> 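I am attaching a structure below and will ask some questions about it afterwards.
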Number of protein chains: 2
Amino acid sequence: MDYKRRARILLIDDNADHLRGVKELVSMDGKYEVVGTTTSANIGIGLIKKYRPDLVLMDMNMPEKDGLAAMTDVEKLELGTKVIALSAYDDADLIFRAMKLGACGYIIKTMASAQLIHAMDEVTAGKIYLPTALTSRFFEHFQRSFKEDTAATSAENLLNYLTAREEEVLDLLTNGNNYKGIAGKLFISETTVKTHVNNIFQKLQVNDRTQAVLYALNNGFANKRKAAAQTKIAV
Amino acid sequence: MDYKRRARILLIDDNADHLRGVKELVSMDGKYEVVGTTTSANIGIGLIKKYRPDLVLMDMNMPEKDGLAAMTDVEKLELGTKVIALSAYDDADLIFRAMKLGACGYIIKTMASAQLIHAMDEVTAGKIYLPTALTSRFFEHFQRSFKEDTAATSAENLLNYLTAREEEVLDLLTNGNNYKGIAGKLFISETTVKTHVNNIFQKLQVNDRTQAVLYALNNGFANKRKAAAQTKIAV
DNA sequence: GATATTCTCAATCCAAAGATGTAAGACACT
DNA sequence: AGTGTCTTACATCTTTGGATTGAGAATATC
């Protein structure tokens with residue numbers, strides 16, 4: 001690894017003691033150069049702009065500005081800065097949100113220091129590193145958040161009562177078309193569209209187009225249509 | 001572990017040779033009881049209904065019915081059956097979709113057999129197991145799929161031009177309210193609501209409420225509001 | 001061959017939505 | 001004191017949307 005320049009690291013942690021400890025640990029390992037440390041998230045963002053580090057170790061639990069907000073800021077800079085989140089807690093939701101925002105790793109502070117170095121190695125090599133235990137926690141949240149989608153597809157879904165033509169009309173409705181637009185696109189008269197739309201309202205048990213569109217979107221209408229299209233290809 | 005009854009396993013793999021190999025491997029380990037094996041996904045679903053296994057090892061690449069479709073079926077049964085996906089490929093998209101559908105693990109067939117047993121141990125213990133290498137692949141896809149959300153939030157977003165009151169009105173619009181409903185909920189007159197709504201149309205550059213709702217939903221309006229609410233709490 | 005469903009179209013009527021202009025009070029900023 | 005923005009409100013007018021009823025033609029189903 002010595003042929004490559006050392007990866008440049010920035011540390012952000014409101015706990016000064018922990019900050020010092022991590023700095024020593026990271027400096028000790030020859031592979032990394034600590035280009036800055038700060039206890040303030042906002043200053044940290046400034047330092048990132050200034051020094052363009054390869055990797056940032058960011059504490060998640062800071063009083064002034066929480067780590068997630070800081071991470072959002074880092075991503076907005078679009079400097080390709082990699083971020084490893086540090087936290088005292090293995091909260092599933094926090095892990096999920098950090099990874100969603102683009103964290104390249106997530107380490108619990110009580111973990112062995114070797115694990116931190118390992119995570120840094122992996123991340124600087126372009127990978128994403130999440131300890132096995134945290135991966136499991138992450139998926140708790142991940143799969144729960146997708147359960148709703150599945151439920152929408154499988155459960156009693158009023159969309160199933162729509163005819164093929166009605167689905168087409170609803171599709172155009174969910175793209176913001178009015179009667180005239182739909183009539184033009186389907187080559188049918190406006191009154192026919194009205195008939196279809198009224199039937200759709202009945203079947204979806206709604207009173208107007210906006211509610212119909214919302215029902216469609218909240219009950220996986222787009223997914224349904226895509227799935228149908230895929231079935232056609234597969235068969 | 002011996003005080004507990006052995007976990008009951010079902011194997012589904014269209015490759016008969018691989019099926020036999022896995023069966024021997026799993027049977028050898030005393031912890032598991034193989035209650036059935038099949039090379040057909042459809043038959044597999046039937047066997048799950050019949051035997052209610054604790055865990056299913058499911059091949060992802062089957063000609064008759066692909067593993068993802070089979071996994072969907074398993075989830076629909078809602079028997080709490082845990083599924084570990086087996087695949088020859090470490091395709092990021094495939095991993096993502098399998099985990100999204102509720103897989104409790106994902107193993108590449110060429111991995112060491114000890115890894116498979118380890119995954120089974122973890123999964124039967126209620127955890128979710130993804131080898132480190134696959135976790136990294138998974139997150140490639142995961143973070144890419146959320147990049148759009150971030151873009152919607154950060155890029156030129158017409159929603160940013162809305163005033164606080166207009167946001168409230170738009171929020172009620174995106175819940176399917178008409179003028180009267182909004183006026184009632186905000187304790188203002190209907191004509192005032194019309195004024196707000198018209199201003200919203202101008203700012204979002206749309207012609208009617210449906211388009212406004214669609215713009216809001218497609219540009220992270222719900223997320224924005226949630227984020228704003230959280231900021232309030234934090235501060 | 002009878003029945004049911006779907007898709008098409010029309011007329012009518014009322015309610016709701018949208019466009020436009022005007023304006024007063026509250027509040028912040030300077 | 002003055003400017004600007006936000007929120008509130010009303011009047012007016014046009015267009016669009018939605019409800020209802022009825023009905024012919026095509027297609028499937030049995």
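Each chain gets a letter, A, B and so on, in the order the sequences are listed, and its residues count up from 1. All figures in this text were calculated on a predicted structure; none of them were measured in a lab. What's counted below: heavy atoms across the whole structure, side chains too, no hydrogens, waters or symmetry copies.
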> To the nearest Å, give me how far apart CG (Leu173(A)) and P (dT16(D)) are.
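It works out to 16 Å between those atoms.
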> So, does Thr191(B) get its side chain near the phosphate of dC10(D), meaning an N or O under 4.0 Å from OP1 or OP2?
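Yes, such a contact exists.
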> Where each residue is assigned the nucleotide of DNA chain D containing its nearest heavy atom, which of Thr195(A) and Lys180(A) is assigned the position nearer the 5′ end?
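Nearest nucleotide further toward 5': that of Lys180(A).
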> What is the separation between atom CG on Asn177(A) and atom C1' on dT16(D), rounded to the nearest whole Å?
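Roughly 14 Å, once rounded to whole Å.
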> Between atom CD1 in Ile188(A) and atom C1' in dA25(D), what is the gap in whole Å?
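Answer to the nearest Å: 15 Å.
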> Closest-nucleotide mapping onto DNA chain C: is Lys194(A) or Val197(B) further toward the 5' terminus? I mean the 5' end.
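On the 5' side of the pair lies Lys194(A).
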> Check Glu166(A) with Lys203(A), please: is the shortest side-chain N to carboxylate O separation under 4.0 Å?
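Answer for the salt bridge query: yes.
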> Could you tell me the separation between the CG atom of Asn199(A) and the P atom of dC9(C), rounded to a whole number of Å?
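One finds 14 Å between P of dC9(C) and CG of Asn199(A), rounded.
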> Can you tell me if Arg165(B) touches the phosphate of dC6(D), counting only side-chain N or O atoms and a distance under 4.0 Å to OP1 or OP2?
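Answer is no, no contact under 4.0 Å.
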> What does Thr192(B) touch in the nucleic acid at a heavy-atom separation under 4.0 angstrom: a base, only the sugar-phosphate, or nothing?
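Counting heavy atoms under 4.0 Å across all strands, the contact made by Thr192(B) includes a base.
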> Whether Lys109(A) and Asp13(A) form a salt bridge (side-chain N of Lys/Arg under 4.0 Å from carboxylate O of Asp/Glu) is what I want to check.
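Result for this pair is yes, salt bridge flagged.
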> Can Thr191(A) and Ser189(A) be counted as having a side-chain donor-acceptor contact under 3.5 angstrom?
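Short answer, yes.
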> Over how many whole Å does the gap from Asn207(A) atom CG to dA19(D) atom P extend?
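Checked: the CG to P distance equals 7 Å.
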> Counting side-chain heavy atoms from CB outward, which of dG17(D), dC7(C), dT7(D) is closest to Asn178(A)?
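Per side-chain heavy atoms of Asn178(A), the pick is dG17(D).
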> Under 3.5 Å, is there a donor-acceptor pair between the Thr192(A) and Thr195(A) side chains?
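Judged by distance alone, the side chains do not pair up.
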> How many whole angstroms separate atom CZ of Arg209(B) from atom C1' of dG18(D)?
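Rounded to whole Å, this separation is 13 Å.
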> Atom CD1 of Ile182(B) to atom C1' of dT8(D): distance rounded to whole Å?
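Answer to the nearest Å: 15 Å.
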> Cationic tip of Arg209(B) within the cone over Phe201(B)'s six-membered ring, i.e. under 6.0 Å and within 45° of the normal?
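Because its charged atom misses either the 6.0 Å distance or the 45° angle limit, Arg209(B) does not stack over Phe201(B).
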> If the cut-off is 4.0 Å, is His196(A) near the phosphate of dT8(C), judged by side-chain N/O to OP1 or OP2?
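Yes, such a contact exists.
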> Reckon Tyr179(B) has a side-chain N or O less than 4.0 Å from the OP1 or OP2 of dG18(C)?
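Tyr179(B) to dG18(C) OP1/OP2: side-chain N or O found under 4.0 Å.
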> For Asn198(B), report the nucleic acid contact type (base, sugar-phosphate, nothing); a contact means any heavy atom under 4.0 Å.
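The residue Asn198(B) makes base contact.
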> Is a donor-acceptor contact shorter than 3.5 angstrom present between the side chain of Ser189(B) and the base of dC10(D)?
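Side chain to base: no pair below 3.5 Å.
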> Whole-Å distance between dT8(C) C1' and Glu168(A) CD?
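For the pair Glu168(A) CD and dT8(C) C1', the rounded distance is 14 Å.
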